[in-house]
Amino acid sequence: MPSARYSLVVIGAGTAGLVAAHAAAALGAKVALIERHLLGGDCLNVGCVPSKAIIRTSRLYAEMRHATQYGAQIPGDVRVDFSAVMQRMRDIRARISRADSVRRLTEAGVDLFFGAACFTGTEALTVDGTTLRFKKAMIATGSRPDTPSIPGLAEAGYLTNENVFDLTELPRRLLVIGGGPLGCELAQAFSRFGSKTIIAQSWPLFLPREERDAAQILSDAFARDGIEVRLNTRAVNVRVEGGQKLVDLVSDDHKSTVAIDAILTGTGRVPNVDGLNLEAAGVDYDNTDGIRVDDFLQTTNPRIYAAGDACLEHKFTHTADASARIVIRNALFLGRQRLSALTIPWCTYTDPEIAHVGLHVRQAHDKHISVKTFTIPMHDVDRAIADGEEAGFVKIHVKEGTDRILGSTIVARHAGEMINEVTLAMVAGIGLRTLASVIHAYPTQGEAIKKAADAYNRTRLTPFVKTIFSRWLTWQR
Ligand SMILES: Cc1cc2nc3c(=O)[nH]c(=O)nc-3n(C[C@H](O)[C@H](O)[C@H](O)COP(=O)(O)OP(=O)(O)OC[C@H]3O[C@@H](n4cnc5c(N)ncnc54)[C@H](O)[C@@H]3O)c2cc1C
């Protein structure tokens with residue numbers, strides 16, 4: 001039975017919804033959480049968790065194939081056990097899901113309702129015929145894959161992140177449509193399992209958000225993995241013949257047809273805004289950008305807030321989490337925390353990983369900020385050499401004439417771990433001067449960050465300063 005009125009009703013039990021419901025209940029609010037499918041949302045069930053689990057195994061296979069480089073011998077051929085890979089992924093998912101269980105939520109004091117939420121007014125909604133009234137509500141309905149409209153695709157059948165992790169057999173030949181993070185991560189994983197993989201990307205470059213030299217390093221890695229990357233290429237038609245899928249590709253004026261066994265689409269995400277009857281709630285939205293929110297994550301109905309993929313440009317689990325925390329402060333405690341104040345890192349978990357935080361050089365130039373960049377190639381870092389993981393670099397951009405970090409791109413095997421140090425420095429206002437004085441354990445790949453900071457320090461040794469030092473030392477002799 002629902003309460004007469006909730007302090008907070010949360011729609012969607014993905015990362016944003018779970019974080020908000022737990023936090024609000026812990027702080028004493030009367031909270032209802034509504035979920036129409038699975039607790040944990042995309043990240044746990046069909047996103048970060050299963051993708052990272054299979055990526056780990058694919059890396060192991062790649063390393064086994066290159067075992068001799070590490071002085072090891074693998075007797076016979078490396079045989080991929082795809083069903084064991086998927087079983088390991090399911091076990092990991094099940095284990096992590098315990099943190100988001102019904103019991104954990106109800107023990108925390110959250111009232112849980114299963115079904116699709118639909119607003120009936122500005123202060124109420126229904127779920128499976130039950131009406132819930134609220135003082136405040138948060139929409140955290142996430143996003144879903146945007147499917148390209150290619151003639152014949154639906155009839156031929158295709159994979160998205162929603163069903164690719166249900167595969168029981170490895171496709172022998174795979175076409176990945178889309179060269180964004182999802183396409184790149186899964187293309188590399190499946191290629192390493194043994195699928196003959198092609199990426200078709202309609203843009204002239206893949207990972208369009210990343211710096212070009214970062215994407216180039218990944219492009220070289222893909223070539224080593226045997227992935228065929230076709231840029232400027234659109235899939236224009238799909239048909240099934242003799243049990244295989246034939247896909248017509250157009251690259252500039254060149255037409256070709258590829259025969260494959262499976263198609264995986266990774267062409268973007270669309271927010272889940274349908275079926276919520278947002279008009280009744282007075283909440284403005286757009287089918288492409290999602291729920292319209294201001295910098296405080298408030299919608300056009302002051303009682304209703306939104307968080308996560310349903311409203312954010314940066315569709316990541318950590319932004320879903322951070323935005324949910326903002327909503328709790330602003331909706332329940334009269335806070336005025338701004339979305340724009342967040343420093344948001346991200347990482348594409350290919351091998352090597354590509355991580356970024358803050359501004360790119362071109363964005364700084366657009367803001368008329370002069371930039372100085374310090375770059376350390378990973379092949380100058382002892383631990384990367386010892387690990388045989390020399391592809392990549394650490395690049396840190398500072399405001400010219402200062403040590404203030406504006407942004408950073410890291411390409412390295414564990415770039416996702418390394419970017420956190422730079423993010424911390426940016427959030428805490430720590431400049432390269434201080435980073436240079438932080439002792440980094442030797443040998444670690446994170447030392448590349450200290451080396452970049454040391455490179456900055458050397459620029460402080462101007463000819464004038466050098467002359468003063470030299471005179472001082474001469475006088476001391
Ligand atoms: C393959 C893949 C890999 C990814 N890897 C990463 C990664 O490595 N790192 C990272 O940071 N991000 C990653 N992401 C993105 C990440 O998964 C999302 O940003 C994150 O899950 C968003 O959380 P959310 O709470 O906003 O939405 P979701 O997790 O999508 O949760 C929304 C929930 O709302 C429910 N819902 C929707 N409509 C209704 C309704 N009307 N009534 C009731 N319930 C409803 C849905 O069923 C769902 O459970 C990945 C995404 C994909 C697809």
Side-chain angles (χ1 to χ4, degrees), residues 9-21 32-56 89 93 97 100 112-119 125-128 132 137-146 159-165 176 178 180-187 189-190 264-278 281 283 285 290-291 293 297 306-325 327 344-350 353-355 415-416 419:
V9 168
V10 178
I11 309 172
T15 303
L18 287 165
V19 166
L33 175 63
I34 307 166
E35 173 54 55
R36 71 176 175 189
H37 189 39
L38 295 171
L39 295 179
D42 271 17
C43 177
L44 172 68
N45 299 293
V46 290
C48 332
V49 171
S51 61
K52 269 75 248 179
I54 69 165
I55 283 169
R56 177 65 188 93
M89 176 272 290
R93 198 167 52 182
S97 75
D100 302 331
L112 197 50
F113 295 85
F114 282 100
C118 178
F119 286 99
L125 52 76
T126 59
V127 47
D128 243 359
L132 307 184
M138 181 179 110
I139 303 169
T141 47
S143 61
R144 63 181 185 281
D146 186 12
L159 301 165
T160 67
N161 71 294
E162 291 183 345
N163 54 1
V164 69
F165 300 110
V176 177
L182 186 157
C184 287
E185 287 182 7
L186 294 183
F190 277 87
L264 171 68
T265 62
T267 48
R269 312 279 304 166
V270 285
N272 289 327
V273 288
D274 43 335
L276 286 164
N277 197 18
L278 292 166
V283 171
Y285 67 98
I291 312 279
V293 287
L297 293 171
D309 281 13
C311 63
L312 299 183
E313 181 200 346
H314 290 99
K315 295 187 179 1
F316 304 115
T317 294
H318 45 273
T319 37
D321 179 312
S323 58
R325 289 168 202 269
V327 168
I344 302 171
W346 65 75
C347 183
T348 300
Y349 297 89
T350 43
E353 297 176 353
I354 300 183
I419 203 73

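Whatever order the structure lists them in is the order used to number ligands and atoms, beginning at 1. Bear in mind that the values here come from a model prediction, so they are computed numbers and not experimental data.
- Among protein heavy atoms, atom 28 (P) of ligand 1 sits closest to D42 N, 3.7 Å.
- In terms of polar-atom proximity, K52 is counted as a contact of ligand 1, with an N or O under 3.5 Å from an N or O of the ligand.
- Using a 4.0 Å cut-off to heavy atoms of G115, the atoms of ligand 1 that qualify are 42 (N), 43 (C).
- Atom 26 (O) of ligand 1 has as its closest protein heavy atom D309 N, 2.8 Å.
- Put simply, the residue from I11, L33, L297, V327 that forms a side chain to side chain contact (heavy atoms under 4.5 Å, CB included) with M138 is V327.
- Of the protein's non-hydrogen atoms, C43 N, 3.3 Å is the one closest to atom 21 (O) of ligand 1.
- Of all protein heavy atoms, the one closest to atom 53 (C) of ligand 1 is N161 ND2, 3.2 Å.
- Contact annotation: the side chain of L278 approaches that of F119 to within less than 4.5 Å [non-hydrogen atoms, C-beta and beyond].
- When non-hydrogen atoms are compared, ligand 1 lies under 4.0 Å from neither the backbone nor the side chain of E185.
- Relative to atom 9 (N) of ligand 1, the option among C48, G266, G12, P271 with the closest non-hydrogen atom is C48.
- With no hydrogens or angles considered, a side-chain donor-acceptor pair links S143 and D309 at under 3.5 Å.
- Listed for the S51 side chain is a donor-acceptor partner under 3.5 Å among the backbone atoms of G47.
- Look at D42 and R269 and you find a salt bridge, because one of the NZ, NE, NH1 or NH2 atoms lies within 4.0 Å of a carboxylate O, short of that distance.
- Proximity of a side-chain donor or acceptor of R93 to a complementary backbone N or O of N45 within less than 3.5 Å is detected.
- Atom 48 (C) of ligand 1 has E35 OE1, 3.5 Å as its closest protein atom, hydrogens excluded (heavy atom only).
- For atom 11 (O) of ligand 1, the closest non-hydrogen atom on the protein side is T317 N, 2.8 Å.
- Under the 3.5 Å distance criterion, the side-chain polar atoms of D321 are left unmatched by any main-chain donor or acceptor of T317.
- If you number the atoms of ligand 1 from 1 as listed, the ones under 4.0 Å from a heavy atom of G41 come out as 29 (O), 31 (O), 49 (O).
- In this structure, the protein non-hydrogen atom closest to atom 27 (O) of ligand 1 is G142 CA, 3.2 Å.
- Residue, atom and distance of the protein heavy atom nearest to atom 15 (C) of ligand 1 are K315 O, 3.6 Å.
- Annotation: A117 places an N or O atom under 3.5 Å from an N or O atom of ligand 1; distance criterion only.
- The ligand atoms of ligand 1 that sit less than 4.0 angstrom from a heavy atom of A116 are 42 (N).
- Between the side chain of T350 and the backbone N or O of E185 there is no donor-acceptor pair closer than 3.5 Å.
- Counting only distance, with no hydrogens or angles, the side chain of E35 and the backbone of F114 share no donor-acceptor pair below 3.5 Å.
- Side chain of T141 to backbone of N272: a donor-acceptor contact under 3.5 angstrom is found.
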